[in-house]
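What follows is a single structure, written as structure tokens, with notes after it.
Positions are given from 1, in the same order as the sequence printed here. Keep in mind it's a predicted model, so treat the numbers as computed, not measured. In each ligand, atom 1 is the first atom listed, and ligand 1 is the first ligand listed.
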Amino acid sequence: MRYHNITKDDMLNGDGLRVVLWLAGCSHCCKGCHNPVTWDPNGGLVFDESAKAEIFEQLAHPYISGITFSGGDPLHAANRADVRTLMAEIKEKYPKKTIWLYTGERWESIRHDPAMAYVDVLVDGEFVQEQKDAKLLWKGSRNQRVIDVQKTLRQEGEAGLALHCADYA
Ligand code: SF4
């Protein structure tokens, strides 16, 4: 897994103050993408132990609400397994911190991915320039959704009910 940046005290990519991991690799090629430099899965830096330690050090601060995985696409084939492993480790070490995930995939195609067990809030779908709206909270275009993943999984399991927007949406 490779990454471009780790940003700290971020207020734009999820609720509260967050650490954000910007991963390399995306195959969605959305027109108007704000970050095409992240498309190449071979770009950026190797995500190594020191990068992980940098994230954990941030998560240890009580004022940090959690981590957001963005990119690029954290669910790109080059990232998916390593992201899941990292999420599991974070949830074990910092169970009170929230995990947000931005992906170009739609919920319907990833809802059975084991990584969803660790995700609190998912912002799904490709960026569609024709549906861009600067007034939207946490997302760039109207087709995208801010999903409360755990509530949605619980309700799907119980009654096959549809997806739940996060309170932040
Ligand atoms: S999914 Fe995100 S990073 Fe990938 S092309 Fe679309 S807007 Fe850019």
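Under the 4.0 Å criterion applied to side-chain N and carboxylate O atoms, K139 and D124 are not assigned as salt-bridge partners. A salt bridge does not link E126 with R106: every distance from a Lys NZ or Arg NE/NH1/NH2 to an Asp or Glu carboxylate oxygen is 4.0 Å or more.
Protein heavy atoms are absent from the 4.0 Å sphere centred on atom 2 (Fe) of ligand 1.
When every heavy atom of R145 is checked against every heavy atom of W107, the shortest pair comes out as NH2-N, 3.7 Å.
Side chains of R18 and T68: a donor-acceptor N/O pair is present below 3.5 angstrom, by distance only. Counting only N and O atoms by type, the side chains of T7 and N5 include no donor and acceptor under 3.5 Å apart.
Listed by chain and number, the protein N, O or S atoms at a distance under 2.8 Å from atom 6 (Fe) of ligand 1 are C30 SG.
With a 4.5 Å cut-off on side-chain heavy atoms, V119 and V121 do not count as touching. Residues I55 and I67 form a side-chain contact, since some pair of their non-hydrogen atoms from C-beta on lies under 4.5 Å apart.
By the criterion of a heavy-atom distance under 4.0 Å, neither the backbone nor the side chain of Y102 is placed next to ligand 1.
Interface of W39 with ligand 1, defined as ligand atoms under 4.0 Å from a residue heavy atom, comprises 5 (S), 8 (Fe).
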